[in-house]
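Both counts, for ligands and for their atoms, begin at 1 and track the order of listing.
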Amino acid sequence: MNDVVLKPGKEKSLLRRHPWVYATAVAQAAGRPQAGDTVRVVDSRGNFLAWGAYSPDSQIRVRCWTFREDEPVDAAWMAARVADAVARRAALAGRTDAVRLVFGEADALPGFVADRYAGQLVVQFLAAGVERWREALVDALVAATGCADVYERSDAAAREREGLAPRTGVLRGAQPPAEVEIVEDGVRYGVDVVHGHKTGFYLDQRESRRRVAELAALAGPGATVLNCFSYTGGFSLAAMRAGAARAVSVDSSADALAMAARNAARNGLTEAAFECRVSKVAEAQKALAAEGQLFDIVVLDPPKFAPSVHHVDKAARAYKDVNLKGMKLVKPGGYLLTFSCSGAISVDLFQKIVAGAAVDARQDFVLLERLAAGIDHPMRMTHPEGEYLKGLLLQRV
Ligand code: SAH
């Protein structure tokens with residue numbers, strides 16, 4: 001039996017059903033478990049705590065599957081978790097054909113991500129446990145969705161920390177087309193699942209795209225939008241489809257903006273109204289300020305500035321700077337939607353940073369709403385680390 005025995009007192013977090021066992025909590029691993037092996041985690045007296053997957057090369061030495069001793073961890077168990085996860089997303093079916101079907105720890109499958117883009121599935125195996133069960137998980141996903149085409153994008157940084165080499169390619173069915181077309185809330189987007197960021201699209205911003213569309217409609221004809229860190233233009237397209245007169249999308253990636261322009265065409269938008277600027281956001285903000293431009297809606301959705309807790313101070317300065325400059329581009333009465341996807345930056349800290357930026361920008365904003373990912377990115381209550389995306393909807397007063 002592969003027993004992972006914890007040091008005395010180190011069982012506390014597992015008793016609270018937190019799913020991770022850190023290397024520093026382990027007294028010994030009996031039976032020489034290999035990467036991905038199912039292990040029985042026990043306290044220092046030998047009492048059962050959880051079944052989990054062993055990761056010898058990770059600081060997170062065990063990721064727990066279940067806290068029930070009588071639950072056999074096998075292919076049928078994996079299939080049941082996948083089916084449960086897919087069923088939990090049913091409420092989104094009427095709105096979109098692009099959904100995160102499985103989201104790691106939140107769905108009891110630590111390290112497994114599965115996204116659906118119309119008929120195309122894209123998966124990531126980001127930990128040794130789910131890597132071991134890859135065939136069973138993909139079979140279960142195909143069975144639960146009826147989709148035949150599955151592409152792997154296990155090229156995220158998280159995999160490296162697990163001691164796993166990157167893996168990408170077709171797992172089932174055909175090579176994905178250069179652009180898979182999805183429709184979300186009536187807007188068409190092209191998704192490059194092979195080369196795009198993450199699995200191709202920022203599914204986690206669905207609710208905020210909808211909010212931007214509502215605000216654009218509220219602002220009425222003539223509404224203008226500045227979309228900083230636009231990627232393939234999600235917020236710009238949502239606003240334009242809702243009647244905004246002009247959107248400026250800024251991103252340093254020419255490829256992302258080329259897709260944004262194709263997306264504009266897909267939705268029948270004219271090029272003149274849908275402006276794309278390949279630029280660093282800081283430079284574009286400076287240029288727009290110099291031009292005296294102000295917008296009804298400004299969106300700031302930067303990449304993860306703090307990859308870990310060690311980067312929080314530096315990231316806080318970067319968030320403050322981008323927000324300070326962004327605030328100066330908001331019309332009086334206009335809206336700012338500002339985001340952080342750094343897990344290491346808490347909602348409270350982010351709010352403080354943004355408040356500090358407003359003071360330095362000498363502008364008054366009110367907080368209308370806190371923004372977050374949708375129901376396909378749930379957070380397990382015992383695993384707060386799963387919540388990473390936070391946003392604030394502010395209005396300039
Ligand atoms: N808002 C997007 C997702 C943004 S992801 C959406 O909803 O789809 C972050 C984006 O910022 C990426 O597209 C990346 O190319 C871009 N980026 C990163 N650093 C940048 C910088 N300094 N200036 C401009 N764009 C940047």
Side-chain angles (χ1 to χ4, degrees), residues 96 98-100 115 117 122 156-157 179-180 182 184-185 187-193 195-213 215-216 225-241 247-264 266-267 274-288 297-307 311 314-315 317-326 329 336-343 345 371-374 376-377 388-393:
T96 181
V99 171
R100 174 148 298 185
D115 292 339
Y117 298 111
V122 187
E179 294 176 17
V180 178
I182 60 163
E184 177 196 275
D185 290 331
V187 184
R188 294 170 189 284
Y189 302 91
V191 180
D192 180 348
V193 303
H195 307 100
H197 294 179
K198 307 213 282 185
T199 63
F201 193 68
Y202 288 84
L203 292 168
D204 53 1
Q205 290 288 26
R206 183 186 311 107
E207 300 307 320
S208 295
R209 278 190 287 276
R210 173 145 89 174
R211 189 60 80 240
V212 163
L215 293 170
V225 180
L226 172 62
N227 183 6
C228 297
F229 308 95
S230 67
Y231 188 48
T232 54
F235 290 112
S236 310
L237 293 153
M240 294 291 286
R241 268 300 303 263
V248 179
S249 304
V250 181
D251 203 285
S252 52
S253 161
D255 286 346
L257 285 179
M259 179 72 93
R262 289 197 294 279
N263 284 340
R266 248 190 196 99
N267 290 281
F274 195 89
E275 193 181 322
C276 294
R277 293 196 183 196
V278 181
S279 166
K280 294 250 182 206
V281 161
E283 282 159 28
Q285 286 175 327
K286 204 170 143 193
L288 290 165
I297 301 169
V298 173
V299 179
L300 304 171
D301 185 22
K304 201 197 296 180
F305 284 157
H311 303 81
K314 198 169 164 227
R317 286 194 292 278
Y319 281 118
K320 184 171 176 185
D321 191 57
V322 89
N323 277 277
L324 196 164
K325 294 203 177 87
L329 297 168
L336 177 73
L337 291 91
T338 180
F339 298 92
S340 163
C341 59
S342 302
I345 305 252
L371 306 167
D376 54 342
H377 291 68
Y388 64 101
L389 179 64
K390 68 247 355 156
L392 303 172
L393 166 56

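- Between atom CG of residue L257 and atom CZ of residue R262 there is a gap of 11.0 Å, rounded to the nearest 0.5 Å.
- Within the structure, the closest approach of A256 to ligand 1 does not fall below 4.0 Å when heavy atoms are considered.
- Distances shorter than 4.0 angstrom occur between a heavy atom of S279 and an atom of ligand 1.
- At the shortest separation from atom 22 (N) of ligand 1 among protein heavy atoms lies K280 CD, 3.8 Å.
- Remark: the backbone N or O of V250 is not paired with any side-chain donor or acceptor of N227 at under 3.5 angstrom.
- For atom 21 (C) of ligand 1, the nearest non-hydrogen atom of the protein is F229 CE2, 3.7 Å.
- No heavy atom of T232 sits closer than 4.0 Å to any atom of ligand 1.
- The residue from D376, D185, D115 that alone fulfils the salt bridge (charged side-chain N to carboxylate O under 4.0 Å, His left out) condition with R206 is D376.
- Residue contacts with ligand 1 for C228 are absent, since no atom lies close enough (heavy atoms, distance under 4.0 Å).
- Nearest protein neighbour of atom 23 (N) of ligand 1, counting heavy atoms only, is V281 N, 2.9 Å.
- Looking at F201 against ligand 1, nothing comes within 4.0 Å, counting heavy atoms.
- Within ligand 1, the atoms closer than 4.0 Å to a non-hydrogen atom of Y231 are 2 (C), 3 (C), 8 (O), 13 (O), numbered from 1 in the order shown.
- Counting protein heavy atoms only, atom 15 (O) of ligand 1 is closest to D251 OD1, 2.6 Å.
- Between H197 and ligand 1 there is a heavy-atom distance shorter than 4.0 Å.
- A donor atom on one side chain and an acceptor atom on the other are not found under 3.5 Å apart for Y231 and D301.
- S279 places no side-chain N or O within donor-acceptor distance of the main-chain N or O of V281, the cut-off being under 3.5 Å.
- The protein non-hydrogen atom at the shortest distance from atom 19 (N) of ligand 1 is P303 CG, 3.8 Å.
- Between F339 and F235, the distance from one ring center to the other falls under 6.0 angstrom.
- Distances between N or O atoms of D301 and those of ligand 1 include at least one value under 3.5 Å.
- The protein heavy atom nearest to atom 8 (O) of ligand 1 is Y202 CD1, 3.4 Å.
- Less than 4.0 angstrom separates some heavy atom of S230 from each of these atoms of ligand 1: 2 (C), 6 (C), 8 (O).
- Remark: minimum distance from atom 20 (C) of ligand 1 to any protein heavy atom is reached at S252 OG, 3.5 Å.
- Donor-acceptor pairing under 3.5 Å is recorded for the side chains of S236 and S249.
- To the nearest 0.5 angstrom, E283 atom CD is 10.0 Å from K325 atom NZ.
- Interface atoms of ligand 1 facing S253, defined by a heavy-atom separation under 4.0 Å, are 15 (O).
- The structure places CD of Q285 at 9.0 Å from CG of L324, a figure rounded to the nearest 0.5 Å.
- Between the CG atom in L203 and the OG1 atom in T96 there is a gap of 7.5 Å [rounded to 0.5 Å].
- A donor-acceptor contact closer than 3.5 angstrom links the side chains of S340 and Y319.
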